[in-house]
Amino acid sequence: MIELRSDTFTLPTPDMLKAMAAAPLGDDVYGEDPTVRELEELAATTLGKQAACLTPSGTMANLTAIMAHAPRGAKVLVGDESDIHIYEAGGASVLGGVVYEPIRTAPDGTLALDDLARGFPDDPDDPQFALPALICLENTHNRAGGKVLPLDYLAEVRRFADERGVAVHLDGARVFNAAVASGVPVARIAEHADSVQFCLSKGLGAPIGSIVAGSAELITAVRRLRKLLGGGMRQAGVIAAAGILAITTAHRLAEDHANARRLAEGLADVDGVQVDPAQVQTNIVMFRVDGFSWRSFVAAAAAEGLAVGELGHGRIRAVTHSGVTEADVDRAVTVVRDVVKRGPRG
Ligand SMILES: *Cc1c(COP(=O)(O)O)cnc(C)c1O
């Protein structure tokens, strides 16, 4: 099976397994796992933040960060196409009592400042309005097809938020993809946000884990919330050891980006496939196939050894990662061509 449903399917490398087996361990709820500490320090330094905290998932990383920033009853401005709004079971709303305000997401993954501004009440002293405390951005943006948010846009949102006294949280599940695609250190992206979460478990290739990074004060609050949510892990150095290698080998994401472009260009040559290779900036390719629903296409492709997924609005998603070679990409294009030729009822 050529696995293009997600970069979460990456398996730990032999180097990671070796590091996991050799990692010095302790009880991380006591703050005594040296490998977790090393990972958190590396993550904080790499992102240019004071501190960082390892969580079991990106969902918990976003949830703890949002709850640390926003008190009950506060508004949190989120993209209407964001992972936080669509795929995280409404966590901060259910558990943190915040009011999500979904903001229209542009095709490039940005939220227009005018639209964000409408989330702020004209008269903040009028008691009928919930007050915004936080803006959440996503970079790269999954449902925009892996788009990288421009640095000058991030700087504009930073200024906008500072003028209004609210914080900025970056859901950077794939922020290392953004950094590699733009050729800048990840800290250049992170500097515009008060907190950043990123997934060790996606393109970076670790089996488990995400990081929240921010100020020392914020991370103290995140750590308490992580415990509250049941995310305090004991000898978590076992997974942190893989996380350290994930961060230090992030440059290899460039291969995934090249493979995604190759895939998009191959698909563009197939009659009946709608794809725009110019839109592919990182490791995500989105496309449609004439005559197929996403569901019928996913099933037909799977029967031929190609696993792809859906991305909402009837679109199909293919994600490249370390488990996918250039030859796999070429084979995937052949499978798509065969499936399209046979037609939806083939
Ligand atoms: C995957 C993802 C998450 C959530 O991470 P999990 O580890 O699956 O909980 C959050 N945001 C974005 C943009 C993601 O792609």
Side-chain angles (χ1 to χ4, degrees), residues 1-10 57-59 78-90 102 104-110 138-148 171 173-174 177 199 201-203 256-257 259-321 323-325 328-346:
M1 186 63 90
I2 301 168
E3 182 54 79
L4 295 178
R5 279 177 296 171
S6 179
D7 44 9
T8 54
F9 285 89
T10 44
S57 68
T59 301
V78 295
D80 62 355
E81 288 284 301
S82 66
D83 197 276
I84 289 173
H85 185 53
I86 296 181
Y87 298 124
E88 298 182 10
R104 193 181 64 87
T105 307
D108 65 358
T110 60
E138 184 175 314
N139 190 17
T140 64
H141 199 291
N142 175 39
R143 282 168 66 101
K147 294 281 177 8
V148 178
D171 178 356
R174 299 187 179 86
N177 294 84
C199 294
S201 56
K202 292 190 171 164
D256 301 345
H257 300 174
N259 278 335
R261 268 193 305 278
R262 185 181 181 91
L263 176 64
E265 281 159 11
L267 292 177
D269 272 345
V270 179
D271 273 345
V273 174
Q274 297 172 39
V275 62
D276 183 356
Q279 297 292 313
V280 176
Q281 298 178 354
T282 56
N283 68 332
I284 298 176
V285 178
M286 55 182 184
F287 61 99
R288 295 172 192 273
V289 183
D290 295 343
F292 286 84
S293 65
W294 71 262
R295 221 181 270 281
S296 63
F297 182 82
V298 165
E304 300 300 319
L306 172 64
V308 290
E310 64 97 26
L311 195 56
H313 310 290
R315 300 166 302 179
I316 298 154
R317 183 179 85 155
V319 187
T320 56
H321 52 79
V324 178
T325 63
D328 290 333
V329 164
D330 294 345
R331 171 83 193 124
V333 172
T334 303
V335 170
V336 172
R337 186 174 281 120
D338 291 349
V339 169
V340 172
K341 202 179 291 170
R342 220 167 299 137
R345 261 177 274 277

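No experiment lies behind these values; they were computed from the predicted model shown.
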Single hit among Leu267, Val324, Leu4 for side chain to side chain contact (heavy atoms under 4.5 Å, CB included) with Val329: Val324
Side chain to side chain contact (heavy atoms under 4.5 Å, CB included) partner of Val335, the single match among Val340, Leu306, Val308: Leu306
Can you tell me how far apart [atom1] ([X]) and [atom2] ([Y]) are? Round to the nearest 0.5 Å.
X	Y	atom1	atom2	answer
Ser6	His321	OG	NE2	7.5 Å
Ile284	Leu263	CD1	CG	12.0 Å
Asp256	Asp7	CG	CG	8.0 Å
Met1	Asp328	CE	CG	12.5 Å

Can you find a pair of side-chain heavy atoms, one from [X] and one from [Y], that are under 4.5 Å apart?
X	Y	answer
Glu304	Asp338	no
Val298	Phe292	no
Arg174	Thr282	no
Arg143	His85	no
Leu311	Ile316	no
Arg337	Val273	no

Polar contact flag, side-chain donor to acceptor under 3.5 angstrom, Thr105-Asp80: yes
